[in-house]
Novice: 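Quick one: the structure is below, and I'll ask about it shortly.
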Number of protein chains: 4
Amino acid sequence: MSQNQILQSLIAENLVSDPNGARGRLLTEAARLFREKGYERTTVRDLAAAVGIQSGSLFHHFRTKEEILKAVMVETIRLNTALMQAALEAADSIRDKLRGLVRAELESINGQTGEAMAVLVFEWRSLSAASQAEVLELRDIYEALWLEVLEALKSEGALEADPFVVRRMLTGALSWTVTWYNPGRGGLTLDGLTDQVMAMMALKSG
Amino acid sequence: MSQNQILQSLIAENLVSDPNGARGRLLTEAARLFREKGYERTTVRDLAAAVGIQSGSLFHHFRTKEEILKAVMVETIRLNTALMQAALEAADSIRDKLRGLVRAELESINGQTGEAMAVLVFEWRSLSAASQAEVLELRDIYEALWLEVLEALKSEGALEADPFVVRRMLTGALSWTVTWYNPGRGGLTLDGLTDQVMAMMALKSG
Amino acid sequence: MSQNQILQSLIAENLVSDPNGARGRLLTEAARLFREKGYERTTVRDLAAAVGIQSGSLFHHFRTKEEILKAVMVETIRLNTALMQAALEAADSIRDKLRGLVRAELESINGQTGEAMAVLVFEWRSLSAASQAEVLELRDIYEALWLEVLEALKSEGALEADPFVVRRMLTGALSWTVTWYNPGRGGLTLDGLTDQVMAMMALKSG
Amino acid sequence: MSQNQILQSLIAENLVSDPNGARGRLLTEAARLFREKGYERTTVRDLAAAVGIQSGSLFHHFRTKEEILKAVMVETIRLNTALMQAALEAADSIRDKLRGLVRAELESINGQTGEAMAVLVFEWRSLSAASQAEVLELRDIYEALWLEVLEALKSEGALEADPFVVRRMLTGALSWTVTWYNPGRGGLTLDGLTDQVMAMMALKSG
DNA sequence: CATGAATGAGCATTCATTCAT
DNA sequence: TATGAATGAATGCTCATTCAT
């Protein structure tokens, strides 16, 4: 299944919003603004203006501003979990599965959903405790995919460090690329960056 | 020189505030609150209450709330730069120098200055452009220490990946420990965590 | 055209606010309060209370408190310029034109717009430099009406002193009436006061 | 008696402060600042800085900020009353007495005490009701000098208008010179300006 | 007398949210 | 659904005044 097919099926199941619909466009703009200015510094007027409506009208789509933040996070995790699962299915060896996960996470961070992923990291504290719990449940599914692969790798003897620790190191390292990696400029492609990560871990896919 | 001696000499040079003085105590509490609630959600009334003064009195020490954020960042970088330089001087081999830097950064992130380090990462956008420029100058000095060591390591053939990319990966990975590593609980000590990082890079100090 | 017709046409052209509308009522109350207590001592809460809304709601009509001050001044000058032009058109001789101007200015100072005129004089320094420049442009039009008449009077030989100086003396003398003249009490009507001014200048209209 | 002799005798009687003493210098600076920025916009820190002390130290000289405003006004009226009396004594004819008063008031407004005189007019509302009453008593003495002369002039037939009204017109006209008259620039001297005022009233001193 | 840190009430302004139209 | 005026609590900041040193 292509990335687009995955997106379409999630839309069909009503798990993520159609990016062309009113709700989807708002979430896209919200991710952009939350990342650019931060959740607190983004006003509902900013959000409304970004999609060409009045601020009062926002509240027909979302009950509160925080609900918008939660929706950005939830839909992003849902989409990326599905993309990761597809990446795993497409790979044969364990090393290739790890490479697939790294590649998919780098793409989620630096591609279309990059802004939403950055929001997930940097605006976490702006989410109420109740919403955090909801989002964490979804995150657990996502994280389980990583741990399975890393544990298999350790069993194979290809990984020396603790899988749990490695995953957390990778989370930090990969998230951080958003602050410096620019897919447009410079010679480094996403595949090249993936190679660097594997090399750093002495895990060249060969 | 011990860590405490380094701190004392920075205080003497007026480069960081005495943690026992009024200003220093405010910065400590500010770092804690900014990390806990975020800069925007922390009010000047919160800050004042945390050190037992009235909100108006804050403005005898700092002209604006943002100046407090800047001071938290500036003093933290100054202190950690000095600690890194000491760690480098204490190490002999290049591998040990890298280990020293990793160890020092993990300590800065998970020890006394941990809250301030987290603020440096997570509240960066709340700093005005002018203040960002000032802080970036100090960051450059700090980062240069890392790049020198990583480049030396690459010359030695002990490092395959690009030093610049590796430093950025490490920045993300080490910063992220603040979200999951707990020096008190669990069996993992800071030295153990340092070992894990070195192992992940296939760089055991031996 | 009656005074009321002039006002109506300015409202229609959107040059002054309808005194019965929300904005107009606020400006009327603002003029009263600014004159009574001064601009600085008048809080936005005072202004809001005077028209029966909450202080936050003020900022739907005006972006800043200063914008209210500017609007009071601008609308007053616009109205009085129009009234002066009408007074000039209604008079035949040059002496009668001067009498018309004096009468109109006394009326603007001691009548309906009296409070706003006093604000124009006494709160001038509270206006930002940028707003002052805007208001001064309008004032120039207004002042040109006076100078034309005074210069014509000098050409006729009916005025000995310098028109420019005379206008400034009159500005001060007439503005000052607001501090002592009370149209209700005492026998002095506005026409009587106008006579006194003309008499003082040895310019009886006969 | 020269102007300076009058000042010296007032200082000796403790009715005005020595301009070279600490209190006198503060009042001079206060008059300047109050006129420049307005009473409300002038902070006690501004006042203290202007005379090179700390803001807390001001309160050893004056109990409140308002007391400074009152002192500026009171001392100015005292001085100018004395100067007016001297001007009256020096003149022979009633016309010359009026000329003396006009000349003296123009000098008070545009000379050394100009700033304080402007404060008297433009900051009146910032004075508490209690202080206003005190200052008004002094003003009455001052105003009585004018009314005597104007009434004598009317008895002589040299003045047609009501003395009370004329005095008020003159108050406004002369006060207003502070906004436009510049003794340094332009050809108009204070004597020339006095002539203009007398001419405007058809009261040339001859 | 002078200092300067501290006070605490007050200020203009912001902003998520509501609701009559 | 959409509007936009209104709300009202909250915010960062100011400033005259106090007082221990």
Side-chain angles (χ1 to χ4, degrees), chain A residues 22-23 26 39-49 51-69 126, chain B residues 21-23 26 37 39-49 51-69 126, chain C residues 21-23 26 39-49 51-69 126, chain D residues 21-23 26 39-49 51-69 126:
Chain A
R23 187 185 155 98
L26 176 60
Y39 171 77
E40 311 287 350
R41 285 169 118 93
T42 303
T43 69
V44 293
R45 276 177 176 77
D46 292 335
L47 293 170
V51 293
I53 60 173
Q54 294 294 324
S55 68
S57 308
L58 267 190
F59 293 85
H60 288 285
H61 300 285
F62 296 90
R63 257 175 323 194
T64 63
K65 182 184 169 191
E66 199 221 354
E67 204 171 77
I68 299 175
L69 178 61
S126 294
Chain B
R23 186 185 157 101
L26 176 60
K37 318 171 56 165
Y39 171 77
E40 313 286 350
R41 285 170 117 93
T42 303
T43 70
V44 294
R45 282 170 181 79
D46 292 335
L47 292 169
V51 291
I53 59 173
Q54 295 292 323
S55 69
S57 308
L58 270 190
F59 295 88
H60 272 277
H61 302 287
F62 298 92
R63 255 176 324 202
T64 62
K65 183 185 168 191
E66 199 223 351
E67 204 172 79
I68 300 175
L69 178 60
S126 294
Chain C
R23 185 184 157 101
L26 175 60
Y39 172 78
E40 311 287 349
R41 286 169 116 94
T42 303
T43 69
V44 294
R45 281 170 180 80
D46 292 335
L47 291 170
V51 292
I53 58 173
Q54 294 292 323
S55 70
S57 307
L58 270 189
F59 294 87
H60 273 276
H61 302 287
F62 298 92
R63 256 177 323 205
T64 61
K65 183 184 168 191
E66 199 222 351
E67 205 172 79
I68 300 176
L69 178 60
S126 294
Chain D
R23 187 185 156 99
L26 175 60
Y39 171 77
E40 311 287 348
R41 286 169 117 95
T42 302
T43 70
V44 294
R45 276 176 177 77
D46 291 335
L47 292 170
V51 292
I53 60 173
Q54 294 295 322
S55 69
S57 308
L58 267 190
F59 293 85
H60 288 287
H61 300 285
F62 296 91
R63 256 173 325 193
T64 64
K65 183 184 169 191
E66 199 221 353
E67 203 172 79
I68 299 175
L69 178 60
S126 293

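Reminder, nothing fancy here: chain letters follow the sequence lines and each chain counts from 1. Worth knowing before you read on, the calculation uses all heavy atoms, side chains too, and leaves out hydrogens, waters and symmetry mates.
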Novice: Over how many whole Å does the gap from B:Phe59 atom CZ to E:dA9 atom P extend?
Specialist: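 It is 17 Å, rounded to the nearest whole Å.
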Novice: What's the spacing between C:Glu67 CD and C:Leu58 CG if we round to 0.5 Å?
Specialist: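 Result: 11.5 Å between the selected atoms.
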Novice: Grab the NE2-C1' distance between D:His60 and E:dT3 for me, whole Å please.
Specialist: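 To the nearest whole Å, that distance equals 8 Å.
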Novice: Please check if the number of heavy atoms outside D:Arg63 that lie under 6.0 Å from its CZ is greater than 12.
Specialist: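 No.
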Novice: State which of E:dA16, E:dT17, E:dC11 makes the closest approach to the side chain of A:Thr64.
Specialist: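 Between E:dA16, E:dT17, E:dC11, the one nearest the side chain of A:Thr64 would be E:dT17.
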Novice: Rounded to whole Å, please give me the gap between CZ in B:Phe62 and P in E:dG4.
Specialist: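 Result: 18 Å.
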Novice: If we call it a pair only when both distances are under 3.5 Å in a Watson-Crick or G-U wobble match, what pairs with F:dA20?
Specialist: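 Check on F:dA20: paired to E:dT3, both distances under 3.5 Å.
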Novice: Work out which heavy atom in D:Val51 is nearest to a heavy atom in D:Leu26; give both atom names and the distance.
Specialist: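 Minimum heavy-atom separation between D:Val51 and D:Leu26: CG1-CA, 3.7 Å.
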Novice: Applying a 3.5 Å limit to both distances, which nucleotide forms a Watson-Crick or G-U wobble pair with E:dG8?
Specialist: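 Because both required distances fall under 3.5 Å, E:dG8 counts as paired with F:dC15.
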Novice: How long is the line joining CZ of A:Arg45 and P of F:dA6, in whole Å?
Specialist: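 From A:Arg45 CZ to F:dA6 P: 13 Å.
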Novice: C:Ser55 or D:Gly56: which one's nearest nucleotide on DNA chain E is closer to the 5' end?
Specialist: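 Looking at the nearest nucleotide for each, D:Gly56 comes out on the 5' side.
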Novice: Output the rounded distance in Å from CG (C:Leu26) to P (F:dA6).
Specialist: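 So the CG-P distance, C:Leu26 to F:dA6, works out to 11 Å.
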Novice: Respond yes when some side-chain nitrogen or oxygen of A:Gln54 is under 4.0 Å from OP1 or OP2 of F:dA2, and no when none is.
Specialist: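 The answer is no; no side-chain N or O of A:Gln54 sits under 4.0 Å from OP1 or OP2.
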Novice: Nearest nucleotide by nearest heavy atom, which residue falls closer to the 5' end of DNA chain F, B:Glu66 or A:Gly52?
Specialist: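 Going by which nucleotide is closer to the 5' end, it is A:Gly52.
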Novice: Given that D:Ile53 and B:Leu58 both sit by DNA chain E, which one's nearest nucleotide is further toward the 5' end?
Specialist: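 Counting from the 5' end, the first nearest nucleotide belongs to D:Ile53.
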Novice: Using a heavy-atom cut-off of 4.0 Å across all strands, would you classify C:Ser57 as base, sugar-phosphate, or nothing?
Specialist: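 The residue C:Ser57 makes base contact.
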Novice: Determine: side-chain N/O of A:His61 to OP1/OP2 of F:dA2, distance under 4.0 Å, yes or no.
Specialist: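 For A:His61, the contact criterion (side-chain N or O under 4.0 Å from OP1 or OP2 of F:dA2) is met.
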Novice: Output the rounded distance in Å from CD1 (C:Ile68) to P (E:dT13).
Specialist: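 In whole Å, E:dT13 P lies 8 Å from C:Ile68 CD1.
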Novice: Any carboxylate oxygen within less than 4.0 angstrom of a Lys/Arg side-chain nitrogen, looking at B:Asp46 and B:Lys37?
Specialist: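 Salt bridge flag = yes for B:Lys37 with B:Asp46.
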Novice: Rounding to an integer number of Å, can you tell me how far A:Glu67 CD sits from E:dT17 P?
Specialist: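 Nearest whole value for this atom pair: 10 Å.
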Novice: Show, in sequence, the C-alpha distance, side-chain angles and deciding distance for D:Ser126 and D:Glu66, and conclude whether the side chain to side chain donor-acceptor pair (under 3.5 Å) test is met.
Specialist: CA-CA 8 Å; D:Ser126 293; D:Glu66 199 221 353; over 6 Å; no
Novice: Rounding to a whole Å, what distance do you find between C:Arg63:CZ and E:dA12:P?
Specialist: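 Rounding to the nearest Å, CZ of C:Arg63 and P of E:dA12 are 18 Å apart.
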